[in-house]
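Here the structure is laid out as structure tokens; the discussion comes afterwards.
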Amino acid sequence: MSDPRLIVRHADITTLAVDAIVNAANSSLLGGGGVDGAIHRAAGPDLLAECRRLGGCLPGEAKVTLGYRLPAKWVIHTVGPVWTGAPHDDGMLAACYRNSLALARALPARTIAFPAISTGAYRFPRDRAAAIAVATVAEALAGDDVFTQVVFCCFDEASAQLHAQALANL
Ligand code: ADP
């Protein structure tokens, strides 16, 4: 049985009333397309102003800002790997989830939502990314008593199905 705190939602992450949402950012942290663009549009210009002060972010790492006009109090910006097919892609994607959760735990954020990091412009295979996302979060939550809910927020139904399947396979 998978951890009941792990759930899949088919939604726009900018609408979720969780403590923290995760942004699949690029290493400049200065905004981009996809979920990054949607988060910046919804949060407003103060988010970009705070991001400018962060000095970028390395792939696999994570940095936190406030959520400004978002329902979420915080945004955790992480930079996923661009898919190359090399063995280190998987480990770097897992690091995004682990490091985002570590930052969230310290805040503390009790509820957090992740987009499907690296599965858009960064071209990570969606089924492989879902399996890594779900396994990494499940492992990080074992023995954890801070988080009450972790949402895999999927923008399309196919992605939601892949995450639900990965959860069922745990
Ligand atoms: P990356 O560069 O890490 O691949 P993208 O933003 O291009 O990031 O895509 C990551 C995932 O986020 C994709 O699965 C895409 O469908 C999804 N996505 C795009 N917009 C949103 C949104 N508003 N809410 C949740 N997920 C989104």
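As the structure lists them, so they are numbered: ligands from 1, and atoms in each ligand from 1.
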(message) For atom 3 (O) of ligand 1, what's the nearest protein heavy-atom neighbour? Residue, atom name and distance, please.
(response) S118 N, 2.9 Å
(request) Using distance alone, determine whether V35 and ligand 1 share an N or O pair under 3.5 Å. (result) yes
(request) Write out the residue and atom name of the closest protein heavy atom to atom 13 (C) of ligand 1, then the distance separating them to 0.1 Å. (result) T119 OG1, 3.3 Å
(message) Students should be able to answer this: which protein heavy-atom is nearest to atom 11 (C) of ligand 1, and at what distance?
(response) A116 O, 3.3 Å
(request) Consider every N or O of A121 and every N or O of ligand 1, then say whether any pair is closer than 3.5 Å. (result) yes
(request) Show which atoms of ligand 1 fall inside a sub-4.0 Å distance from at least one heavy-atom site of A38. (result) 23 (N)
(request) Kindly confirm or rule out an N or O of I13 lying under 3.5 angstrom from an N or O of ligand 1. (result) yes
(request) Report, in ascending order of atom number, the atoms of ligand 1 lying under 4.0 Å from any heavy atom of A24. (result) 3 (O), 8 (O)
(request) Would you check whether R126 has a nitrogen or oxygen atom less than 3.5 angstrom from a nitrogen or oxygen atom of ligand 1? (result) yes
(message) I want to know if ligand 1 touches G120 in the polar sense, i.e. an N/O pair below 3.5 angstrom.
(response) yes
(request) Give yes if a backbone or side-chain nitrogen or oxygen of Y122 is under 3.5 Å from a nitrogen or oxygen of ligand 1, and no if not. (result) yes
(request) Look at atom 23 (N) of ligand 1 and say which protein heavy atom is nearest, naming residue and atom and giving the distance to 0.1 Å. (result) D12 OD1, 2.9 Å
